[in-house]
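Chain letters run A, B, ... following the sequence lines, proteins first and then strands; every chain starts at 1.
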Amino acid sequence: MSAARYAVGIDLGTTHCVMAAIDLRASDGDEVVDSIEPIPQLIAPGLVEERLVLPSFLYLPHPDELRPEDRTLPWGKPLPFVVGELARSMGGRTPIRLAASAKSWLCHPGVDRRAAILPVDAPDEVQRVSPLQASMRYLEHLRASWDHRHPDAPLPEQEVVLTVPASFDPAARELTAEAAATVGLGHLVLLEEPQAALYHWILAARGEWRKQVRVGDIILVIDVGGGTADFSLIAVTEREGALELVRVAVGDHILLGGDNMDLALAHAVRAKLAETGTRLDFWQVQALTHGCRHAKETLLGDTALDTAPVVVPSRGSRLIGGTLRTELTRAEVAHILVEGFFPAVAVSAHPTSRARAALTKIGLPYAQDPAVTRHLAAFLTRQIGATRDLAGFEKHTPDRAGFLHPTAVLFNGGVFKAPSLLHRTLDILNDWLNTEGAPPARLLEGIDLDLAVARGAAYYGHVRCGRGVRIRGGTAKAYYVGVESAMPAVPGMEPPIEALCIAPFGMEEGTQAELPPQEVGLVVGEPVWFRFFSSSVRRTDQVGTVLDQWQPDEIEELEEIAATLPAEDRQPGEVVPVRLHATVTEVGTLRLEAVPRVGAESWKIEFDVREP
Amino acid sequence: MYDSEPGFFTRLTLALRTFGRILTENDFASAVLRLERGESRPLAVVELPKPPLRETSPDSALQLLALLQQDGRFVDFLEENVATYSDAEIGGAARVVHEGCHKVIHAYLQLEPVRAEAEGARLTLPAGFDAAAVRLTGNVVGQPPFTGTLMHRGWRVAGITLPKIAEGHDVRVLAPAEVEL
């Protein structure tokens, strides 16, 4: 760690990746020398350019599609796949060969994330990749790019911080860390994206931040990126006279972002064109989505305009004759975006969900309710007790309150580049606060909405070397395994299940939980499955706590986990009593082990395993 | 030039062709005479004067044109016959061209006006001004300093960064033909 020249922050995003660096030798405390690391990438066949962002797209070309010399990168021999801007543009024309949103797939509990499933619609002859492999390709490109630009300071030797959504489950975190380790970045640290955004705010304020928040503040971070919406609550406390930040709650994983908004506008415009008898093909819909994004930015940025033109260029060389022209009106944007994604709802509103069709095609579990404000309302209502046990906050939320009252808000993500959407969200939040007689929340400003996460992550790398304020908080969930309760069997009824707490809320990196007093039996030589649960609200459960009943929104069931005891010197079929032991690694992943009553050995319990 | 000795038939046809030219062309006949007398001389190496004009490399010009076509459909637009379309139709296409080309120009070139003053402003050019960056028009007489009205601010490129080209990349293909399977 001491050999590191740079702290490097990597934002491995759903739609694009960003890499930022801080020169540790030139930085001290609040005086930080930071930069965004340009990423060379193919932008057209045979053309390489340095860009600030690497689009998170992987294109798997046909062997005859691109000549090797047109796939050459500055650091070596041509690869059989394309990553970045060229991948995105080629995928726009040939979607069956494009792997996209790998990050959302990485957190999709319904699929095997190590299995080659992407692109989902690829024909059989395309060599598909797994969500894990796709993530590796992006990290590989970032590493090669860094090493090419810094031959004297290779990336594995730097203080690397990789960001993940706060809502990522233990399996997705472990897969992310595994992808990084595979490309030689085994020593990195994971950081939650909303925290990274707050770190960037601290960095951008250059020491002034201490004047903008005070002890007793609760900062709500609303991060709506290209593909996901992520919420976190961070409390400002005091220790030994210095301000301290504690992350007290994170939201659920919501697949809802700016891309959904552009797509919604494109669908509306497409319907408008269809009324006049114009049908669009796939390529044109892509161009239309692009045109709508541009028109949206124009309308949301300039309040004097009432309409913005949307143009879909022709595919052929006859540009004028074949180009479709329509327009997007302010009223349409207000209706579709503002009312659709940011409706003024009461804080008691809950996201609507509809039953999914039984035979759904394999796909991402997109949020069924597009209303960001309803998801936010549900989050704040659910986390009403988030600060109840925090010293100094006992009286923060009045007894009559219906939700947790934030006192400051930090927005992040490209969606909020539109000031009207930012203020709309803030106004709705302040309405909720006003209804309960609480003062309005302050807006924390000054962050770079597109690049904040990477820059904040790099700053965290700097802070980890002991130079600046750290956000504490540990794991944002408590974890439980399901054990069958010891009850006489009743024919036709499943034995009721109890949840045994094995990892309490708030475990810090590099710490271990105690061993629970309860033992479970593992059968030697065959995998034993456990139901696995988490809770983002039960803050006081300790290791060994057994729940025999709980509220439906209190505990969430995750994918099953499995342990296999090697037969070695035991009889296959023998049952060995073990205790389940939780550790949070230095990297920031949860590790579960089965520890037998005697002997020094233990066995790792795997997340993301498939039943045969 | 023949690398090897010419064969019989080659020599025969050569003899027949030179026969005719010796009879009809004065210069040719005297050159053959000199050769026949053994006065063959090596080609004189003439020191050419350095040309005052130089060729520019077409690579970056073609590369920029390809980028303008890729993002702004520039070549498509110029190569289309605009006479048959209404202004509204041309306007729709012009938005594509404007948006894309604007993005390209600003992504790769750092453009800045030559003069910071507003157009229409009066300004004075001192002696020794850069005649390449400021062009005088109208009543051009007398000695500097010159005072006049700024008609056009001019444009200058302060920096240019074009994408790097892979070895073997054919810059003459501005836009590949697209074939959908």
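Within the structure, every pair that satisfies the side chain to side chain donor-acceptor pair (under 3.5 Å) test and touches residues 158-173 of chain B, not counting sequence neighbours, is listed here: A:Asp70-B:His169, B:Asp170-B:Arg172.
In terms of heavy-atom proximity, A:Leu47 sits nearest to B:Gln63 at CD2-NE2, 3.7 Å. The two residues A:Gly316 and B:Arg73 have their closest heavy-atom pair at O-NH2, 2.6 Å.
The number of heavy-atom neighbours closer than 6.0 Å to NE2 of A:His148, taken from other residues, nucleotides and ligands shown, is above 12. Within 6.0 Å of CG in B:Asn26 there are 12 or fewer heavy atoms belonging to other residues, nucleotides or ligands.
Using a 4.5 Å cut-off between heavy atoms, A:Pro309 contacts chain B through its side chain alone, with no backbone atom that close. For B:Val171, no part lies near chain A; criterion is any non-hydrogen pair under 4.5 Å. Looking at B:Leu67, only its side chain comes within 4.5 Å of chain A, counting heavy atoms on both sides. Interface residue B:Phe77: backbone and side-chain heavy atoms are both found under 4.5 Å from chain A. Within the 4.5 angstrom heavy-atom criterion, only side-chain atoms of B:Arg95, from C-beta onward, approach chain A. Contacts of B:Glu178 with chain A are made by side-chain atoms alone, with heavy-atom separations under 4.5 Å and no backbone atom involved.
Legend: residues meeting side chain to side chain donor-acceptor pair (under 3.5 Å) with A:Glu65, ordered by chain and number and at least two apart, are A:Tyr59. The side-chain contact (heavy atoms from CB on, under 4.5 Å) test applied to A:Leu280 returns A:Arg270, A:Leu273, A:Thr278, A:Gln284, A:Val285, A:Leu288, A:Leu324, not counting sequence neighbours.
Here B:Pro163 is the residue among B:Ala166, B:Pro163, B:Ala93, B:Pro176 with the most heavy-atom pairs under 4.5 Å with chain A. Heavy-atom pairs under 4.5 Å with chain B were tallied for A:Glu50, A:Arg318, A:Arg325; the largest tally goes to A:Arg318. When A:Ile43, A:Leu319, A:Thr323 are compared by the number of non-hydrogen pairs under 4.5 Å with chain B, A:Leu319 comes out ahead.
Side chain of A:Arg67 to backbone of B:Gly168: a donor-acceptor contact under 3.5 angstrom is found.
Expressed to the nearest 0.5 Å, how far CD of B:Glu180 lies from CZ of A:Arg315 amounts to 4.5 Å. Rounding to the nearest 0.5 angstrom, the gap separating the CD atom in B:Glu99 from the NE2 atom in A:His290 is 4.5 Å.
Of residues 82-98 of chain A, those residues with a non-hydrogen atom less than 4.5 Å from any non-hydrogen atom of chain B are, in numerical order, A:Arg93.
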